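In what follows, a single structure is set out as structure tokens and then discussed.
Computation of the quantities below employed the complete heavy-atom set of this structure, encompassing side-chain atoms and omitting hydrogens, waters and symmetry-equivalent molecules. Values in this document were obtained by computation on a predicted structure and should not be read as measured data.
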Amino acid sequence: MKSIPTYRVIAAAMLVAAILIGIASCHVKAQSEFMRGEGMPYDAFDRLPKTDLDVAGATIHVGFAPGEMALPKDRIFDWIKASARAVSIYYGRFPVSSLRLLIVPVDGSRVRGGTTWGYRGAAIRLPIGRDAGTGDLKRDWVIVHEMVHTALPDLDDRYAWLSEGLAVYVEPVARVQAGDLTAREIWLAMLRDMPKGLPQAGDEGLDHTDTWGRKYWGGAMFCLFADVEIRKRTGNKFGLQDAMRGVLAAGGNHEKDWPIARVLSTADRVVGVDVLTRLHGEWGSKAVTPDLAALWRDLGVRLQGDSVEFDDRAPLADIRKAITEARAR
């Protein structure tokens, strides 16, 4: 057998390595381009071909950054439409008439977070694992969370707890109303996770405590207590869902900048009680530790092993049921 000179082997190896590095560099550059930079995500999105999806009277313009996905695009489009439908059921319509949705393929098999903008029209960027399957997308909560953001006016940064907390609270409720989750699943999650939002040492209220727990779960706790109190004071005729539909009907969505006082007073006016404004006055500037155990007891929600049991004889059982019942548009 004729031997191959060592230098040729080395040269061939170096050529292969250079090609692989070049491919990897191009991939990294492409991903970086769609994950960072000024004008995000609009400038990047506007250079891509788009597919328009009509959902609940709105148009979702979907663009894909370069990269392969395990699922065919039609499956991804079905998931997007189902998610938009859940948000539309909660709000009575999709929050904006037009939404840009940028899908960025990344490593892994799940949605890797999301970001929502509104300064040049409603837009969402979703990094999605290129190996994601149908089951991964069905279990995902991020896309609905981000779509819920489009229904709230853009607020000052210190009120991010309301934006994030509302999305944390509304997302699972909307998915139950759409039939994508069960009520037991979301009450179990609330029992498990809501305590993460309780104030810790040094807390100065929701407006002045920028921790992860307070921003996300403290905000969600505010929404839950507000929902229950609105329903108590209106004889279960109205809830937070009606209040937030009212903000949307008044022209408030993520494409608009509103002060928090306008958001809360608009919501209160729709349901006829001043619950949101008053609760913000109590929780915004000082640490308030509500009695979660008493709330769970009154709602008739009890942890039982790895699941929950419902007590329909509890004083607020009808309110618990009403929170997750789909409302007429």
Side-chain angles (χ1 to χ4, degrees), residues 23 26-28 30-35 40-42 44-91 93-117 121-151 167-168 170-186 189 254 324 326:
I23 292 172
C26 289
H27 175 72
V28 170
Q31 296 308 311
S32 175
E33 178 185 5
F34 289 94
M35 293 299 290
M40 288 296 298
Y42 306 95
F45 182 88
D46 290 343
R47 296 197 303 272
L48 297 170
K50 287 161 286 281
T51 299
D52 290 349
L53 307 178
D54 294 324
V55 182
T59 302
I60 301 178
H61 312 280
V62 185
F64 287 82
E68 297 297 322
M69 298 286 292
L71 282 175
K73 287 184 178 179
D74 284 348
R75 295 279 185 89
I76 297 173
F77 294 149
D78 288 344
W79 166 66
I80 293 168
K81 289 187 285 188
S83 302
R85 175 178 170 271
V87 176
S88 301
I89 288 172
Y90 187 88
Y91 282 98
R93 63 179 176 85
F94 198 72
V96 291
S97 60
S98 177
L99 171 70
R100 296 177 177 94
L101 178 58
L102 173 61
I103 305 294
V104 183
V106 295
D107 292 338
S109 60
R110 61 184 179 85
V111 179
R112 312 291 294 187
T115 310
T116 301
W117 290 266
I124 295 172
R125 183 186 62 205
L126 285 177
I128 301 180
R130 58 181 55 85
D131 297 324
T134 302
D136 297 306
L137 296 187
K138 184 175 177 57
R139 289 187 295 272
D140 170 68
W141 56 268
V142 175
I143 187 173
V144 175
H145 179 105
E146 297 301 326
M147 286 178 172
V148 170
H149 280 318
T150 69
V168 169
V170 169
E171 168 264 316
V173 173
R175 292 171 70 200
V176 172
Q177 292 183 352
D180 298 330
L181 286 177
T182 67
R184 289 186 187 278
E185 287 177 289
I186 72 165
H254 203 58
T324 54

Only distances under 3.5 Å count here; give the side-chain donor-acceptor pairs of residues 57-77 to other protein atoms, sequence neighbours excluded, each with its distance to 0.1 Å.
from  : atom 1 : to     : atom 2 : distance (Å)
Thr59 : OG1    : Asp54  : OD1    : 3.2
His61 : ND1    : Asp52  : OD1    : 2.7
His61 : NE2    : Ser98  : OG     : 2.9
Arg75 : NH1    : Thr134 : OG1    : 3.1

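- Arg184 CZ to Thr324 OG1: the interatomic distance, rounded to the nearest 0.5 Å, is 11.5 Å.
- Taking the ring pair (Phe, Tyr, Trp, His ring centres under 6.0 Å) definition, one finds that Trp79 meets it with nothing, sequence neighbours left out.
- No side-chain heavy atom of Val148 sits under 4.5 Å from any side-chain heavy atom of Tyr90.
- What you find for Leu126 and Gly114 is that their closest heavy atoms are CD2-CA, 4.0 Å.
- Sorted by first and then second residue, the pairs that involve residues 135-151 and meet salt bridge (charged side-chain N to carboxylate O under 4.0 Å, His left out), not counting sequence neighbours, are Asp136-Arg139.
- With Arg125 as the partner, the side-chain contact (heavy atoms from CB on, under 4.5 Å) test is satisfied by one option alone out of Val104, Leu101, Thr116: Val104.
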Test side-chain contact (heavy atoms from CB on, under 4.5 Å) applied to Arg130 and Asp107, step by step: CA-CA 6 Å; Arg130 58 181 55 85; Asp107 292 338; 2.3 Å; yes
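- The shortest heavy-atom contact between Ser83 and Val144 is CB-CG2, 3.8 Å.
- For Ser97, there are no side chain to side chain donor-acceptor pair (under 3.5 Å) partners at least two apart in sequence or on another chain.
- Taking CZ of Phe45 as the start and CD1 of Ile103 as the end, the distance is 9.5 Å to the nearest 0.5 Å.
- Between Pro41 and Trp117, the shortest heavy-atom distance links the atoms CD-CE3, 3.2 Å.
- Of all the heavy atoms in Ala82 and Asp180, the pair that sits closest is O-OD2, 4.3 Å.
- Residues forming a side chain to side chain donor-acceptor pair (under 3.5 Å) with Arg100 (at least two apart in sequence, or on another chain): none.
- Side chains of Met147 and Ile80 form a contact here, defined as non-hydrogen atoms less than 4.5 Å apart.
- Here the shortest heavy-atom pairing between Gly113 and Pro127 reads O-CD, 3.0 Å.
- Among residues two or more places apart in sequence or in another chain, the ring pair (Phe, Tyr, Trp, His ring centres under 6.0 Å) test is passed with His145 by Trp141, His149.
- Atoms NZ and CG, from Lys50 and Leu102 in turn, are 10.0 Å apart once rounded to the nearest 0.5 Å.
- Atom CG of Leu137 sits about 10.0 Å away from atom OG of Ser109, to the nearest 0.5 Å.
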